[in-house]
2 protein chains.
Amino acid sequence: MAEDVVRAFGFLSLGTRMKRIGERLQADTQKIIDEMGVEIAASQYPLLAAVDRLGPLAIGDLADAMGVSQPGVTRSIAQLVDLGVLRAEPAPDDQRRKLVSLTAQGQRLVDEAKEAIWPRIEAAVADLCGKLDGPLLDQLAAIEDGLAALPLNRREPKP
Amino acid sequence: MAEDVVRAFGFLSLGTRMKRIGERLQADTQKIIDEMGVEIAASQYPLLAAVDRLGPLAIGDLADAMGVSQPGVTRSIAQLVDLGVLRAEPAPDDQRRKLVSLTAQGQRLVDEAKEAIWPRIEAAVADLCGKLDGPLLDQLAAIEDGLAALPLNRREPKP
DNA sequence: CCTTGTTATATAACGTGTTATATAAATCGG
DNA sequence: CCGATTTATATAACACGTTATATAACAAGG
């Protein structure tokens, strides 16, 4: 088995490593969602959660709130509108802005997620890294080792 | 200014957040490299470093060492071969495997990076998060705040 | 009021990751 | 030693992020 060079290089490849860990967490989270029989991609939940939490708001504001670029949000919104969970209508006072809000179906989806899915995900992630402490690189190594030993979707909320 | 929902959701959106931080670190690292007048993309350095450290090795082994998929490595290798920094030749004993090694130009590039670029990057990242301790989410918040306050490429190795 | 500039969203082109599948070489069993 | 399976790489199609730029609506000055 080959040495993990990204880990070995420490701070030098921290960006690559954090991105990689983030992708693994997202992939495992997707598995949890799939197992629960929901049709929405894991990556879309933060957007739905943002709209739910911050109320109807424009695309640009949503981009700020999520820390991603405006074109990224525009594309995600378009997909979620196609799925029927979001609605985007021009603001009455400014036709340039498009106010994004949840449809009834979208609200139902978020309510279900709040009830059943998000607690499960949060518990699994907390199980993985809630007790961690110490230097960053050590914690990252613990997360990688933890995921390799037992993926997120196999970590039960109530063991 | 809108609330940062990805941060606010804590463990629930940890994957998204780590991916986002990784992307920012990579983008800042790219700026450092650009400022030093080098033509290679930041994302390619881990691959070059892996070949330099582990010696000539096959694409599949490289994928293992870097923790990414084989097709991803195959594509990166193709680009670096086009740039003239890597060479990929069939293994003498097994024509399926392609052994990847540094060209003279590639070796020169790596030697330069080791000398001038990597220490600079490592120092900047260490300046950002070398002293961190405590729970993971707190450290992530400190990294985000630190990057917002002073990007990696403005953090000098010798202050 | 009309030009000019600014702001909000949309679109295009690209980078880099993924999974699924095709192709070619090696290996194994009859 | 030939056909079937396995292994290594290549290719295709997609996801999701970026930057740069186009379009449309608003705002402000002459």
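Just so you know, these numbers come straight off a predicted model, no measurement behind them. Chain letters run A, B, ... following the sequence lines, proteins first and then strands; every chain starts at 1.
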Write down the distance between [atom1] ([X]) and [atom2] ([N]), rounded to a whole number of angstrom.
X	N	atom1	atom2	result
A:Leu57	C:dT9	CG	C1'	14 Å
A:Arg24	C:dT19	CZ	C1'	16 Å
A:Gln30	D:dA15	CD	P	11 Å
A:Gln79	D:dA15	CD	P	7 Å
A:Asp82	D:dA15	CG	P	13 Å
B:Arg20	C:dG17	CZ	C1'	19 Å
A:Ile77	C:dT11	CD1	C1'	16 Å
B:Asp94	D:dT6	CG	P	17 Å

Any side-chain N or O of [X] below 4.0 angstrom from OP1/OP2 of [N]?
X	N	answer
A:Ser69	D:dG17	no
A:Thr74	C:dT9	no
B:Lys19	C:dG17	no

Classify the nucleic acid contact of [X] as base, sugar-phosphate or nothing, counting any heavy atom under 4.0 Å across all strands shown.
X	value
A:Ser43	sugar-phosphate
A:Ala58	sugar-phosphate
A:Arg75	base
A:Gly60	sugar-phosphate
A:Gln70	base

Original post:
Do A:Asp4 and A:Arg17 meet the salt-bridge criterion of a basic N to acidic O distance under 4.0 Å?
Top reply: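 Salt bridge: no.
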Subject >> Sidechain N-carboxylate O distance under 4.0 Å for B:Glu3, A:Arg53 >> reply: yes
Original post:
Just by distance, do the side chain of B:Asp28 and the backbone of B:Leu152 share a donor-acceptor pair under 3.5 Å?
Top reply: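 Side chain of B:Asp28 to backbone of B:Leu152, a donor-acceptor pair under 3.5 Å: yes, one is there.
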**OP:** Answer yes or no: are there more than 12 heavy-atom neighbours, outside A:Arg154 itself, under 6.0 Å from its atom CZ?
**Re:** no
Original post:
In terms of heavy-atom contacts, does CD of A:Glu35 have more than 12 from other residues, nucleotides or ligands at under 6.0 Å?
Top reply: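 Atom CD in A:Glu35 is crowded, with more than 12 foreign heavy atoms closer than 6.0 Å.
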